[in-house]
Every structure is written in C-alpha cells, then in structure tokens.
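Whatever order the structure lists ligands and atoms in, that order sets their numbers, starting from 1. The residues of the chain are indexed from 1 along the displayed sequence.
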Amino acid sequence: MSEQIGSAISVDHLTRRFGAGADQLTAVDDVSLEIAAGSVVALTGPSGSGKSTLLHLIGAIEQADSGTVTVDDVEITSLRRAALARYRQRVGFVFQRYHLLPALTVLDNVIAPVLPRRGRTDHTTRARELLDAVGLTGRERALPAQLSGGQQQRVAIARALMGAPGLLLADEPTGNLDSTTGSQILDLLLDLRDQHGMTILLATHEQAIAARCDRLVRLTDGRVAEDLDLTDGEDPADTYGRATQLRL
Ligand SMILES: Nc1ncnc2c1ncn2[C@@H]1O[C@H](COP(=O)(O)OP(=O)(O)O)[C@@H](O)[C@H]1O
Ligand SMILES: [Mg+2]
C-alpha cells in the first residue's frame with residue numbers, strides 16, 4: 001500500500017447477504033465503485049442502507065458473497081488467511097463509539113493494536129508523534145474516562161494511524177459528537193490525509209460532514225443511489241467551506 005498518496009480501491013459487483021430463505025436480506029447489493037487514491041469519500045444513506053457492511057467488506061473484516069474488492073491492485077476478496085491478516089494491519093478503523101480500552105492510558109491505547117509487532121520503543125515514539133498530530137500532547141497518561149468525547153475520538157484516530165494505513169475506514173466517527181466537535185474531527189481527518197497521504201472512507205448521517213468530503217456516495221437498500229463529485233475539479237485538499245445543501 002502506498003503511504004504517500006493512499007490506496008486506490010476498486011469495488012466490483014460486491015454483494016453481501018445476511019440470513020437465509022424468506023428472511024434473507026441483501027445488505028450490500030451489487031455495488032461497484034472506483035475510489036481514487038487520496039480521496040475522502042462520504043458514504044451516506046439511512047440507517048440500514050449498508051454503509052457499515054460495505055466498510056467491513058472493504059476492510060476485510062467481513063466476507064462478500066460475490067464480487068471483488070481490489071486495493072492497490074491486490075484483490076483482497078481472494079486473499080488467504082495470512083495475507084488477509086497482513087492487509088487488515090494496514091487498514092485503519094475508526095468507530096462511532098471510539099472503542100478505547102478503559103483501563104489503559106491514552107498512550108497505551110494508541111500502542112495496543114501494534115504491540116505484537118517490533119519493539120516497544122519504536123511504538124512509543126510513533127504513538128507520541130501521532131498524539132501530537134491529533135492535538136493531545138500532554139494527555140498521554142490520562143485514562144479515556146478523563147477525556148471528552150472529541151478527545152477520545154482523537155485517541156482512536158491516532159490508534160488507527162499506528163500501522164501507517166493507506167486506507168482509513170471511519171464508521172460514523174462524528175456520530176456521538178456535537179456538531180462543532182464533529183467538524184473539528186473532520187478538520188483533523190482532512191489534515192491527516194494531506195500530511196500522511198491516505199484514502200478515507202467515512203460513513204456519516206450528517207450532511208455538514210458529507211458536504212466537506214471530496215465525493216458523496218449515497219446508499220439505499222444496499223445499492224448506490226447517488227454518486228457526487230464534490231470537488232468541482234478543485235484539488236481534493238482544497239474543498240473546505242462548500243455549500244451544505246446536500247440531500248442525504
Ligand atoms: N451481522 C448481521 N446479521 C444480520 N443482518 C445484518 C448484520 N449486519 C447488518 N445487517 C443488516 O444489513 C443491513 C445493512 O446494515 P448496515 O450495513 O449496518 O447499515 P448502516 O450502517 O447503513 O446502518 C441492515 O438491514 C442490517 O440489519
Ligand atoms: Mg452503520
């Protein structure tokens with residue numbers, strides 16, 4: 001995966017069903033998407049439209065029934081277990097509820113996912129740099145409960161960046177935050193994209209958040225109902241302050 005500009009993603013006729021017989025439900029229904037390296041894509045649509053399932057399929061934490069996902073020319077939908085585990089280590093995940101470990105300090109939360117790899121010293125240096133990048137210098141020894149929601153999400157973002165991902169998957173990362181804090185989290189993600197070179201796929205209900213991304217893909221019943229380029233030919237890194245009159 002490229003660390004400079006982020007991963008290019010190709011989703012081809014991807015389908016994921018749950019259940020069987022009359023109760024069967026198609027959560028992701030024949031979705032095809034080409035996602036440019038370094039772009040920030042908002043995935044919108046009502047609850048149950050398949051946003052999370054699509055993120056899980058692209059992150060290879062769920063298996064497709066048919067179709068393929070190709071990341072930087074590697075078809076991840078056909079990888080074997082060991083290669084799949086390596087792929088997952090290079091994808092960053094951020095969730096609505098942060099999922100920090102309550103008994104660990106901020107610093108240890110950031111380090112935790114990569115502890116089985118390399119020596120601890122390297123991790124600490126990198127974790128401190130990332131905590132600085134997300135604006136949390138000085139809070140390394142705090143416990144998650146001592147932080148605000150926005151600060152906890154910053155820790156989760158730093159944690160997601162430990163593996164230097166080419167792809168960051170964020171599932172409603174601002175869903176638990178007030179609009180000002182949510183907007184600051186998006187500022188941070190856009191900054192990190194510019195500095196580190198990442199592709200970001202972000203599921204969101206909020207039109208003010210989606211409107212600031214490079215592209216908006218709206219799902220309905222697991223299908224792509226709308227696909228809008230929001231850059232108007234602008235440099236993707238220069239798309240701040242656009243109109244927010246988008247229908248989600
Ligand atoms: N593990 C699962 N088992 C059964 N149904 C599921 C599972 N995960 C998701 N679904 C169903 O798939 C559909 C899409 O869900 P999801 O991807 O979570 O949508 P969204 O994130 O847009 O709210 C919903 O109808 C949901 O109930
Ligand atoms: Mg969801």
Legend entry - atom 23 (O) of ligand 1 touched by protein heavy atom at under 4.0 Å: yes

Inset, instruction - Of the side chain and backbone of L25, name the one, both, or neither that has a heavy atom under 4.0 Å from an atom of ligand 1. - result: side chain

Legend entry - atom 9 (C) of ligand 1 protein-contacted (non-hydrogen atom, under 4.0 angstrom): yes

Legend entry - Heavy atom of the protein closest to atom 18 (O) of ligand 1 (residue, atom name, distance): S52 CB, 3.7 Å

Inset, instruction - Do me a favour and list the nearest non-hydrogen protein atom to atom 3 (N) of ligand 1 with residue, atom name and distance? - result: F18 CD2, 3.5 Å

Inset, instruction - Check whether any N, O or S atom of S52 sits under 2.8 Å from the Mg ion (ligand 2). - result: yes

Inset, instruction - Answer yes or no for G45: is there a heavy-atom contact with ligand 1 below 4.0 Å? - result: no

Inset, instruction - Let me know which of E206, R212, H205, Q207 forms a side-chain contact (heavy atoms from CB on, under 4.5 Å) with I209. - result: E206

Legend entry - Among L202, T204, L55, side-chain contact (heavy atoms from CB on, under 4.5 Å) partner for L43: L55

Inset, instruction - Fit a plane to each ring of H99 and F95, take the angle between them on a 0 to 90° scale, and name the class: parallel (under 30°), tilted (30 to 60°) or perpendicular (over 60°). - result: perpendicular

Legend entry - A27 N/O to ligand 1 N/O under 3.5 Å: no

Legend entry - From CA spacing to verdict: salt bridge (Lys or Arg N to Asp or Glu O under 4.0 Å), R215, D227: CA-CA 7 Å; R215 177 175 171 191; D227 188 347; 2.8 Å; yes

Legend entry - Closest protein heavy atom (residue, atom, distance) for atom 20 (P) of ligand 1: G48 N, 3.4 Å

Legend entry - Protein heavy-atom partner closest to atom 15 (O) of ligand 1 - residue, atom, separation in Å: T53 OG1, 3.9 Å

Inset, instruction - Just need the protein heavy atom nearest to atom 19 (O) of ligand 1, so name the residue and atom and give the distance. - result: G50 N, 3.1 Å

Legend entry - Structural part of P46 in contact with ligand 1, heavy atom criterion under 4.0 angstrom: backbone

